[in-house]
There are 2 protein chains.
Amino acid sequence: MEHRDELLATVASLYYKMNQSQREIGDRFDLSTATVSRILKEAHDRGIVQIHISMPIPHDFELEQTLIERYGLRDAYVLQTSGESTHDTLLNAIGRLAATYLERVIKNFSSGASIGVAWGTGVHAAVSAIADNYTRNTDVVQLLGGVGELVVDSPDLGRMVAQKLGGRHFDLHAPVLVEQPQSRDVFLREPSVREGIVRAQSVKLAITGIGTMQDEASSFLRAGLLTRADLSALRRQGVIGEMCGRFYDNQGRCDRFEINRRIIGLELDDLRKIPQSIAIARGEVKAQAILGALRGGFTRVLATDDITVRAILALD
Amino acid sequence: MEHRDELLATVASLYYKMNQSQREIGDRFDLSTATVSRILKEAHDRGIVQIHISMPIPHDFELEQTLIERYGLRDAYVLQTSGESTHDTLLNAIGRLAATYLERVIKNFSSGASIGVAWGTGVHAAVSAIADNYTRNTDVVQLLGGVGELVVDSPDLGRMVAQKLGGRHFDLHAPVLVEQPQSRDVFLREPSVREGIVRAQSVKLAITGIGTMQDEASSFLRAGLLTRADLSALRRQGVIGEMCGRFYDNQGRCDRFEINRRIIGLELDDLRKIPQSIAIARGEVKAQAILGALRGGFTRVLATDDITVRAILALD
DNA sequence: TCAGTGCATGAATATTTTTTCACAAGATGA
DNA sequence: TCATCTTGTGAAAAAATATTCATGCACTGA
């Protein structure tokens, strides 16, 4: 068997190191190209040939593939975690992964295409990682009304993106959540707000997070828009997640929730129609919310980590 | 640039680890297969993809290639040496390399094909490394007359091969070197000897060593067939090497040397015609002799080590 | 502003690689 | 001994990959 290994290793070396074609190798050893091909496969299977790829940020490609196939995603980014890391560190790394998608999509934009931005920690992580050497005059549109005071929950994110892309920033001058459905109608009658919504509907790329109804990770709670009691009530109604300010259940349905009639921003049905979209979110606590979003088909791309994906798959 | 690396590494991972085709990868990232192919090449060039091959016996493929191209060889085996090793250890490893060639050629033999064997330490190293699980009824023929007492210089080598291959062994019942050309004629008139020569001419594979005129490595001296004075005289005539008992100069010419008319065995012109042949030899002291043999085209395959090849190339 | 230059890209093409298929040699077991 | 199976093989076909070539786009220096 040793001489077999020797042949496998020799053929593999000639192929991979000396860049010889399988025909050349076959000529030398009196083998058909078919056999050389089989030898290379065997050398690979037997571990004689080992291929190492140095990844700046490690993905878990298997999980990405699983997500893509299982939920019909266009693409997926699953950070491969290792050892102890804080939520913020992980989210940062995921943001860098997401940024590779963003930059790629933006690079291929035809002129005039614009980007829609929601808010939250996930969006912040992603847009922070965008390199700022692009001057593509790409406009940035706020996908939903303004929220809290923190940077991660504010139009500052959109402004940051606009600055990096050398484009304009269009804020949506309205609160995300109003007291009464009637108040929303008033806002929507306002031309500037209505235009904002139209602009949001026509973006070519949407960057969003995924919100959860768990107290410890709810941005609506953080922003003071909802109370613990509100969250609890929503949970009891069957709400398990939130995207673009819209609340949905574990099948990705949102029609029956009254709160959605008090939200000013892009509707989930419209979000679904945006040609490119990415959601950035992580944490076991968000698994259910992400699963609902996937089932609802609200995003075409998901950026997360392996911990979260395993939690999602366990739920499903 | 980091995001470029990220893309390179991701594409490479999908290709090499996930076994996706370039078309699949292209679909995912909106790239043409041409671009994916270029990305993979770049990832390779930039060292992001590293291919490691675990070799049972390390070769130097560059030097092998150089030998093949420069001297028109059919194949070459150049052991990659490292650290301190004795001549015997190295020759052993070279023998194992040579055995891979032998086994491959023998495996493809049509029935009735036979093998010719010379003698010397190189041949010994190679035939010792042949695995003995072949039962192919392949006959073994002695290529030249008998010599010394040591195993490495005796028909025992041929017998060893015959036993491993489950075939018969045909000795050449004559001394390799006789006193007078006339004595040789007597031997050659002997039917058994003549038949032996004919059998040697018709072998499909010849296994030989390469002899030097340097005192410290001459098998003729070791076997007591020549004295130091004889060697010195031959050197003065221009002899620089020996194969199958025939002496040649640095251009691989042998006609003008009287001693060759006293040798009983296969002639170099006949050796050249054997369809497969390998010579096993190593050592800087043998470099000149090997170079002469290569120039003479006496062997189709050479098994040696990097030290020796570098010495050969330095001479040439 | 604009021609010129270099670079990146994809469609088409050329080449290489893999797979399919049919066959032959050796192994297995009655 | 003979049928049967497995295994390995190369020719041919199919698929995948690399290259060529033409084009467009961004940058450069009038």
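Heavy-atom basis, side chains included; hydrogens, waters and symmetry copies ignored. We name chains A, B, ... by the order of the sequence lines, and we start the count at 1 in each one. As the structure is a computational prediction, the values presented were derived from the model and not from experiment.
- The separation between B:L40 atom CG and D:dA16 atom P is 15 Å, rounded to whole Å.
- Heavy-atom minimum distance, B:A12 versus B:V49: CB-CG2, 3.4 Å.
- Put simply, CD1 on B:I39 is 11 Å from C1' on C:dA8, counting in whole angstrom units.
- Here D:dT17 presents its P atom at 14 Å from CG of B:L31, a figure rounded to the nearest Å.
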Find every protein N or O atom lying less than 3.5 Å from an N or O atom of nucleotides 5-7 of chain C, and list the pairs.
none

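- Between A:K41 and the phosphate of C:dT17, there is no side-chain N or O to OP1/OP2 separation shorter than 4.0 Å.
- Closest approach of B:L73 to B:V301, counting heavy atoms only: CD2-N, 4.2 Å.
- Checked for salt-bridge contact, B:R104 and B:D75 meet the test: a charged N lies under 4.0 Å from a carboxylate O.
- Between A:D316 and A:R70 there is a salt bridge, since at least one side-chain N of the basic residue sits less than 4.0 Å from a carboxylate O of the acidic one.
- Smallest separation of non-hydrogen atoms from A:C244 and A:L143: SG-CD1, 4.0 Å.
- A salt bridge is defined here as a Lys NZ or Arg NE, NH1 or NH2 lying under 4.0 Å from an Asp or Glu carboxylate O, and B:D45 with B:K41 fails to meet this definition.
- Annotation for B:A162 and B:R168: closest pair CB-O, 3.7 Å, computed over non-hydrogen atoms.
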Short heteroatom pairs, N/O only, protein and nucleotides 20-24 of chain D, under 3.5 Å:
from   : atom 1 : to    : atom 2 : distance (Å)
D:dT20 : O4     : B:R38 : NH2    : 2.8

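- Residue pairs meeting the side chain to side chain donor-acceptor pair (under 3.5 Å) criterion with at least one partner in residues 49-59 of chain B, sequence neighbours excluded, are A:E6-B:H59, A:T10-B:H59, B:H59-B:E64.
- Contacts of residues 14-27 of chain B with DNA chain D (heavy atom under 4.0 Å): B:Y15, B:S21, B:Q22.
- Atom pair B:N108:CG and C:dA25:C1' shows a separation of 13 Å (rounding to whole Å applied).
- The pair A:K107-B:D30 fails the salt-bridge criterion, with no side-chain N (NZ, NE, NH1 or NH2) lying under 4.0 Å from an Asp/Glu carboxylate O.
- The terminal axes of the helix from C:dT1-D:dA30 to C:dA30-D:dT1, fitted over 5 pairs per end, subtend an angle of 30° to the nearest 10°.
- The side chain of A:T35 contributes an N or O atom lying less than 4.0 Å from OP1 or OP2 of D:dG10.
- When all heavy atoms of B:V140 and B:G158 are compared, the closest pair comes out as CG1-O, 3.6 Å.
- For the OP1/OP2 pair of D:dC25 and a distance below 4.0 Å, the side-chain nitrogens and oxygens of A:K107 include no atom meeting the criterion.
- Atoms CZ (A:F109) and P (D:dC25) sit 17 Å apart, rounded to a whole Å.
- B:F298 pairs by the ring-ring contact (aromatic ring centres under 6.0 Å, His included) definition with B:Y248, not counting sequence neighbours.
- The shortest non-hydrogen separation linking B:M55 to A:S13 is SD-OG, 3.3 Å.
- Residue-level contact check: B:S37 touches the bases, meaning some heavy atom is under 4.0 Å from a base atom.
- For the pair A:E62 and B:K17, the salt-bridge criterion is not met [side-chain N within less than 4.0 Å of a carboxylate O].
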**Report entry** Worked check of side-chain hydrogen bond (donor to acceptor under 3.5 Å, both in side chains) between A:D60 and A:Y77
**Finding:** CA-CA 8 Å; A:D60 188 317; A:Y77 295 86; over 6 Å; no
